[in-house]
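Structure below; questions to follow.
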Amino acid sequence: MKEIIDDIFEREGSTLITDVLVGGKRVDIAIDETGTIVEIGEKNGVRDVIDIDIAVDGSESIAIPGLVNTHTHAAMTLLRGYADDMPLQDWLTQKIWPLEAHLTGDDVYWGTKLACLEMIRSGTTAFNDMYFFMERAAEATDEMGIRGTFAHGFIDLGMEEKRETEIKATETLVSHIKGQKNPRLTAAVGPHAVYTVSPEGLRWCAEYAREQEIGIHIHVSETEKEVVDCVAQFGKRPPALLDDCGCLTPRTVAAHCCWLDEADCRLFGERGVNASHNPASNMKLAVGRAMPYHHLREYGANVCLGTDGCASNNNLDMLEEVKFAALLQKFAWNSQTLLPAEEAIRVATAGGARALGIGSGTLTVGAPADIVLVDRRKACATPLHNADSNIAYACNGGAVHTVLCGGRFVMYDRVVPGEAAILKGAAEAAAALVCRAQDAS
C-alpha cells in the first residue's frame, strides 16, 4: 500500500476520478497532464477523452472544489494557544507583538509548512497570506504543492523612514515571487490597516499594485474603534479613506469588514472589492458585530472566506469556517435563510478563487483541477439527504481524505508526504521562539 501511495505523489500525468458524487450525480472527472479538468460526465462516459495515467475510485466520495482561505497569517501556527481569552489590545501589545519581534525566517518557514499541512488536511488548496519573511513562506508553500498569494505586512506608523523600509521590503518580495515564475505562487501588496499605514503609504501601495498588476491585502473595519478613530483623524470612514488613496479595486481583498455600514457596502460593490469574512476570529476576539453580508451581496461585492491566523482562530479548517460563517450570519442578522449551505460553500470556493484570480473555483471543464474528496463513509456524511448541508453544517476538515491542487495529489487517503518531519520542525521552532522571547525580556 505504501508503494502505491508513494507512486501517486511522484507520478505526473493525467488522472481519472471515477464514480464520484458531484451536485447529487455520480460522475467521472478527467484531468489532463496540465492539471486542467477536461471532462466531467456520467459514469463510464469520459474515459476515452484522454489516456489515463492514474485512476482513483471516487465511489465513496463527494467531490467539491478546493477551498480558498483568503485571509491568513500562516506562520502564526507557531503561536497557536500562546495567548487566548484576552482583550484585543492587551492580546496584541502584551503577548503577540512582543513574541513576533523575535521571529526569524526559519520560524516562518516551519510555521508556514505546518499551516500548509493543516490546510491540506482540511481541504484548502489556496491561501492569501500577509506576514513577515514571506520569501520563506513562499518556499514552504511551493514544497507543499498548494497555491499561495504572499504580501509583506506593510506598516509605516506615519514615519517616512519606516515607510521607505517597508517599500523596499515589498518591492524585494514582489520581485522574488515573480522571479520564481511559478503559477502557484503570486505576490500582493499588504498595507496592514488604516491605523498602521499613513495615507502616503496607502497611496504608494495602491499605485505599486496597479503598476505590477497584483493584488492588495488589507484589514478593513475590523473593530468599532478603528472606524471611530479614522473618522476623528481623517473625517471619513476607513473605506472612504482607502478609496481616496486608490486602494479599493477588484484586486483588493479586505479582511474582516465587520463594521461596514450600508454606504461602505455600496462602495465596495461599485469598486469590485472582495470582502473576506473571518467569523471564528471575529467571534473569539469579540469585535461586536458581524460582517453585513446581506448588504455586500445586495450591492454586488464579492464575499469570500478566511480563517485569520492561528493565534486568533485557532485553526485553519475552512470547512469549520463555512459553518461558522453561515451560523453567525443567521444569528447576527436574525435571518434563518441568510447564507444557506450551498451559498456558504460557494463563498469558500468560487468566491475565494475570484478574489485571488486563480480560476473559477468550480468543478467545470476548463477549470484548474483543485479538487477535494470528502469521505462519504464518515458519520457526519450519513445520511446524505443533501450533500451541501452535510458539508456545510455536519462535517469538518476531518472528513477530507484526498486533495488535488492543479491535478497533483497533495494528500491521498489522509496521507501527506513528510508530515512527521513538519510536525517536529514546527514544534521545535515554536519552542525556540518562545525561549528567545523570554531570554530577551
Within the 4.5 Å heavy-atom criterion, are T349 and I64 side-chain neighbours or not? no
So, S14 and D32: side-chain donor and acceptor under 3.5 Å apart, yes or no? no
Exactly one of T124, D370, T186 should register a side-chain hydrogen bond (donor to acceptor under 3.5 Å, both in side chains) with R147. Which one does? D370
What I'd like to find out is whether the side chain of I422 reaches to under 4.5 Å of the side chain of M144, using heavy atoms alone. yes
So D84 and K284, do their side chains get closer than 4.5 Å, heavy atoms only? yes
Can you check whether C395 and C380 have SGs under 2.5 Å apart? yes
Exactly one candidate in N313, L316, N315 meets side-chain contact (heavy atoms from CB on, under 4.5 Å) with R80; the answer is N315
What I want to find out is whether E143 reaches K113 closely enough, with some N-O distance under 4.0 Å, to be called a salt bridge. yes
Got a sec, which residues hit side-chain contact (heavy atoms from CB on, under 4.5 Å) with E200, two or more places apart in sequence or on another chain? R163, S198, R203
Check: H219 ring centroid to H73 ring centroid under 6.0 Å: yes
Pair K178, Q212: side-chain N/O donor-acceptor within cut-off below 3.5 Å: yes
Between D107 and the options H102, R136, R436, the side-chain hydrogen bond (donor to acceptor under 3.5 Å, both in side chains) test singles out R436
Does a donor on one side chain sit under 3.5 Å from an acceptor on the other, for E171 and Y208? no
Shortest non-hydrogen contact between A83 and W91, atoms and distance: O-NE1, 2.9 Å
Would you say the side chain of T172 lies within less than 4.5 Å of the side chain of K168, judging by non-hydrogen atoms? yes
